[in-house]
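For reference, the structure discussed in these notes is given below.
The chains referred to below are lettered A, B, ... by the order of the sequence lines, with proteins before strands, and numbering in each begins at 1.
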There are 2 protein chains.
Amino acid sequence: MTRTHEKVGYLPESKPSAADRVEQALKFLEGRWKLVILFRLFGGKVLRFSELEKAIPAVSQKMLIQQLRQMEADGIVRRIVHHQVPPKVEYCLTDWGQALCPALDALLKWAEAREHPAT
Amino acid sequence: MTRTHEKVGYLPESKPSAADRVEQALKFLEGRWKLVILFRLFGGKVLRFSELEKAIPAVSQKMLIQQLRQMEADGIVRRIVHHQVPPKVEYCLTDWGQALCPALDALLKWAEAREHPAT
DNA sequence: CGGAATCCCTTAGGATACTG
DNA sequence: CAGTATCCTAAGGGATTCCG
């Protein structure tokens, strides 16, 4: 959806199709590091920024922040700022973020059900 | 995963994490039109290329083919070529492709469970 | 410490034209 | 009809540097 798509849904009765809604759902997960972060946070874990950095060495600061902030804006991640002299910021999942688990599991099961053609 | 990631998994014992495996699963669905096509094909429907084109006016031939071929290579879609003078090619889902349905449903339910912050 | 800002390159994907 | 082939733009994301 860059240009030619042009926001088709300007009509009230043009309710989003199933495909559209799944697409929206997937948009929340798009981003090179979202899933990696997500899995670090699953289970109610609360990690501070530097801990996430250490846990995911391959990610750059920029990306880590960007993905975290997006997920925060999406309501998947909660950001907790402790106002102290050496800044301290922690991240954890929201309830809705936690609720992703079963859906990802379904996806996992589906992928595993494949009879690898070339693998 | 463009350059700096560098194929981390060269060690036999470096089994993919849950995050990695979900990521792999999602890769099958990535592509601007895969889901739209998928939903046209769900339910055992068999459509020929031109029918898909008409059903999804916004997609270009190039993209339609590209996405179909990728899904074919991935084992999600089956391609049936009828060797006739005016070419006729039909597409339908494989069993594994069909099996995606519940997983997408789980995703949908998750998305709907959100208490829209800004909607 | 936790970020914001900048630069740069790779890639997905769109438009268009041609072919068996 | 069902594709290829070519060109081009926009967005994603990496490296690096600077800031409170």
Side-chain angles (χ1 to χ4, degrees), chain A residues 1-8 19 23 26-38 40-41 46-74 77-92, chain B residues 1-8 19 23 26-38 40-41 46-74 77-92:
Chain A
M1 194 183 294
T2 25
R3 265 173 313 158
T4 57
H5 204 189
E6 285 299 327
K7 202 59 176 161
V8 190
E23 222 172 287
L26 286 181
K27 281 179 102 64
F28 290 124
L29 307 179
E30 269 168 28
R32 180 65 189 81
W33 304 100
K34 298 241 181 103
L35 289 172
V36 189
I37 297 171
L38 230 29
R40 294 285 167 180
L41 257 26
V46 180
L47 296 177
R48 51 187 301 184
F49 187 81
S50 52
E51 290 177 311
L52 281 170
E53 269 192 291
K54 266 173 285 184
I56 316 172
V59 75
S60 66
Q61 267 195 347
K62 169 192 168 181
M63 289 315 295
L64 184 52
I65 297 218
Q66 179 181 296
Q67 310 270 296
L68 280 170
R69 291 306 184 86
Q70 281 182 25
M71 296 179 100
E72 186 199 3
D74 289 340
V77 156
R78 174 152 31 246
R79 183 163 178 266
I80 305 156
V81 183
H82 303 266
H83 296 280
Q84 340 177 135
V85 191
K88 174 176 177 182
V89 181
E90 294 179 313
Y91 296 89
C92 62
Chain B
M1 194 183 296
T2 25
R3 264 173 315 158
T4 56
H5 204 190
E6 286 297 327
K7 205 55 175 161
V8 192
E23 222 171 287
L26 285 181
K27 281 179 103 64
F28 291 125
L29 307 178
E30 269 168 28
R32 180 66 187 80
W33 304 101
K34 298 242 182 103
L35 289 172
V36 190
I37 298 171
L38 229 29
R40 294 285 167 180
L41 258 26
V46 180
L47 296 177
R48 51 187 300 184
F49 186 80
S50 52
E51 291 177 311
L52 281 170
E53 268 191 294
K54 266 173 288 183
I56 315 171
V59 76
S60 68
Q61 267 196 346
K62 171 193 165 181
M63 287 316 293
L64 184 51
I65 297 218
Q66 180 181 296
Q67 310 271 294
L68 280 169
R69 292 308 184 83
Q70 281 183 25
M71 296 179 100
E72 187 200 1
D74 290 339
V77 156
R78 173 150 32 243
R79 183 164 179 264
I80 306 157
V81 184
H82 303 267
H83 296 279
Q84 335 177 138
V85 191
K88 175 176 176 181
V89 181
E90 294 179 314
Y91 295 89
C92 63

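- One can place CG of B/L47 at 16 Å from P of D/dC1, the figure rounded to the nearest angstrom.
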List the atom pairs, with distances to 0.1 Å, where a side-chain N or O of residues 78-89 of chain A and a protein N or O form a donor-acceptor pair under 3.5 Å, not counting sequence neighbours.
from: A/R79; atom 1: NE; to: A/Y91; atom 2: OH; distance (Å): 3.2
from: A/H82; atom 1: NE2; to: A/E90; atom 2: OE1; distance (Å): 2.8
from: A/Q84; atom 1: NE2; to: A/P86; atom 2: O; distance (Å): 3.4

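- Between B/C92 and B/L41, the closest heavy-atom pair is CA-CG, 4.1 Å.
- Atom P of nucleotide D/dG12 and atom CG of A/L35 are separated by 16 Å, given to the nearest angstrom.
- Atoms CE (B/M63) and C1' (C/dT16) sit 15 Å apart, rounded to a whole Å.
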Look for any protein N or O under 3.5 Å of an N or O in nucleotides 1-5 of chain C and output each such pair with its distance, or none.
from: C/dC1; atom 1: O3'; to: A/R48; atom 2: NH2; distance (Å): 3.0
from: C/dC1; atom 1: O3'; to: A/P87; atom 2: O; distance (Å): 3.1
from: C/dG2; atom 1: OP1; to: A/R48; atom 2: NE; distance (Å): 2.9
from: C/dG2; atom 1: OP1; to: A/R48; atom 2: NH2; distance (Å): 2.8
from: C/dG2; atom 1: OP1; to: A/V89; atom 2: N; distance (Å): 3.4
from: C/dG2; atom 1: OP2; to: A/S50; atom 2: N; distance (Å): 3.0
from: C/dG2; atom 1: OP2; to: A/S50; atom 2: OG; distance (Å): 3.0
from: C/dG3; atom 1: OP1; to: A/R69; atom 2: NH2; distance (Å): 3.1
from: C/dG3; atom 1: OP1; to: A/R79; atom 2: NE; distance (Å): 3.3
from: C/dG3; atom 1: OP1; to: A/R79; atom 2: NH2; distance (Å): 2.1
from: C/dG3; atom 1: OP2; to: A/Y91; atom 2: OH; distance (Å): 2.8
from: C/dG3; atom 1: N7; to: A/Q61; atom 2: OE1; distance (Å): 2.8
from: C/dG3; atom 1: O6; to: A/Q61; atom 2: OE1; distance (Å): 3.2

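- When all heavy atoms of A/V46 and A/E51 are compared, the closest pair comes out as O-OE1, 4.2 Å.
- Separating the CG atom of A/L64 from the C1' atom of D/dG12 is a distance of 16 Å, rounded to the nearest angstrom.
- The distance from atom NE2 of B/H83 to atom P of D/dC1 is 19 Å, rounded to the nearest whole Å.
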- Query: Step by step, would you call A/M71 with A/L38 a side-chain contact (heavy atoms from CB on, under 4.5 Å)?
  - Reply: CA-CA 9 Å; A/M71 296 179 100; A/L38 230 29; 3.2 Å; yes
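- For B/Q66 and D/dA2, the CD to C1' distance is 15 Å, given to the nearest whole Å.
- With rounding to whole Å, B/I80 atom CD1 is found 16 Å from D/dC1 atom C1'.
- One finds the CD1 atom of B/I56 at 5.5 Å from the CG atom of B/L52 (value rounded to the nearest 0.5 Å).
- Summarising the geometry, the separation between CD on B/E72 and C1' on D/dA2 is reported as 13 Å, rounded to the nearest angstrom.
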I'd like a table of donor-acceptor pairs (distance under 3.5 Å, sequence neighbours excluded) in which one partner is a side-chain atom from residues 62-70 of chain A, with atom names and distances.
from: A/Q67; atom 1: OE1; to: A/W33; atom 2: N; distance (Å): 3.1
from: A/Q67; atom 1: OE1; to: A/K34; atom 2: N; distance (Å): 3.3
from: A/Q70; atom 1: OE1; to: A/K34; atom 2: NZ; distance (Å): 3.0

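- Across all strands shown, A/Q67 has heavy atoms under 4.0 Å from sugar-phosphate atoms exclusively, and none from any base.
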